[in-house]
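Accompanying notes for the structure given below.
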Amino acid sequence: MKWFARKTRHDIWDEPIEGPLGDIEAAARIRAICEAAAASAARAAQGDKRESARYERAGKVAMEIAMKISDGLMRDDAVHRIVDLCMKANDLKTAQILFRAIHASWIRETVQQDHPTLVE
């Protein structure tokens, strides 16, 4: 009888970051994380606990990367992407907190148009 090791799925948000990221690389990494986690976020919204844990890990890593972006507009755009991910997961509380962190008025307006439930 053969034993097979369970193949674990590698996610972009679990990959180590080699050295410091510049703003452009950080924004690209956040975009890739949010795109890769979109399906998990959608399943998390339907109550899937395993996918909810994956979404939460992805969101946490994306937020940690976003905090290190020095350019305000790039950071706001990255946070916008994370807000979109949160809304896909029906995580309104986190989305509202992140929404308040967006400073650029035109990005805030875009997020409000995309997600009117964020406005308190």
Side-chain angles (χ1 to χ4, degrees):
M1 175 150 81
K2 291 184 179 180
W3 291 95
F4 295 97
R6 185 173 178 184
K7 189 175 182 178
T8 57
R9 183 164 65 184
H10 265 347
D11 295 311
I12 187 170
W13 52 87
D14 291 331
E15 294 174 4
I17 297 173
E18 302 292 325
L21 293 175
D23 287 353
I24 294 172
E25 294 86 2
R29 179 97 174 195
I30 291 167
R31 186 179 326 103
I33 288 170
C34 291
E35 288 172 0
S40 290
R43 289 199 274 308
Q46 297 171 348
D48 186 321
K49 299 291 184 202
R50 184 168 170 240
E51 294 299 323
S52 181
R54 289 185 75 233
Y55 148 74
E56 288 174 9
R57 277 195 332 269
K60 181 180 177 195
V61 170
M63 286 184 257
E64 288 170 357
I65 294 169
M67 289 185 337
K68 296 175 185 171
I69 296 176
S70 60
D71 181 85
L73 286 177
M74 290 186 92
R75 185 178 47 254
D76 284 354
D77 183 62
V79 171
H80 176 194
R81 291 176 189 280
I82 301 168
V83 168
D84 288 345
L85 182 67
C86 292
M87 293 303 289
K88 201 166 277 180
N90 207 17
D91 185 356
L92 187 62
K93 182 179 176 183
T94 304
Q96 285 175 326
I97 292 167
L98 292 171
F99 172 70
R100 288 192 292 267
I102 297 173
H103 297 285
S105 60
W106 66 274
I107 295 176
R108 286 180 66 85
E109 290 168 9
T110 301
V111 175
Q112 285 177 316
Q113 288 173 353
D114 293 347
H115 309 291
T117 57
L118 281 176
V119 181
E120 298 170 312

Spatial distance of atom [atom1] ([X]) from atom [atom2] ([Y]) [nearest 0.5 Å]:
X      : Y      : atom1 : atom2 : result
Phe99  : Thr94  : CZ    : OG1   : 15.0 Å
Arg75  : Ile30  : CZ    : CD1   : 10.5 Å
Ile33  : Ile82  : CD1   : CD1   : 8.0 Å
Asp23  : Asp71  : CG    : CG    : 5.5 Å
Gln112 : Ser105 : CD    : OG    : 10.0 Å

Tell me whether [Y] is reachable from [X] by hopping between hydrophobic residues (I, L, V, M, F, W, Y) whose side-chain heavy atoms are closer than 4.5 Å.
X     : Y      : value
Tyr55 : Val61  : no
Met67 : Leu21  : no
Ile97 : Leu118 : no

Closest heavy-atom contact between [X] and [Y]?
X     : Y     : answer
Ile65 : Ala26 : CG2-CB, 3.6 Å
Met74 : Ile69 : CB-CG2, 3.9 Å
Ala66 : Val79 : CB-CG2, 4.4 Å

Can you tell me if [X] uses its side chain to pair, donor with acceptor, with the backbone of [Y] under 3.5 Å?
X      : Y      : answer
Thr110 : Trp106 : yes
Arg108 : His103 : no
Arg43  : Ala39  : yes

Looking at side-chain heavy atoms only, is the closest gap between Glu64 and Lys68 below 4.5 Å? no
Which of these, Asp91, Asp84, Leu85, Val83, sits in a side chain to side chain contact (heavy atoms under 4.5 Å, CB included) with Met87? Val83
Worked check of salt bridge (charged side-chain N to carboxylate O under 4.0 Å, His left out) between Asp77 and Arg81: CA-CA 6 Å; Asp77 183 62; Arg81 291 176 189 280; 3.4 Å; yes
Set out, in order, the CA-CA distance, both residues' side-chain angles and the distance that settles side-chain contact (heavy atoms from CB on, under 4.5 Å) for Gln96 and Arg100, then state yes or no. CA-CA 6 Å; Gln96 285 175 326; Arg100 288 192 292 267; 4.1 Å; yes
If you count heavy atoms of other groups shown closer than 6.0 angstrom to CD1 of Ile24, is the number above 12?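 Not buried by this count: 12 neighbours or fewer within 6.0 Å.
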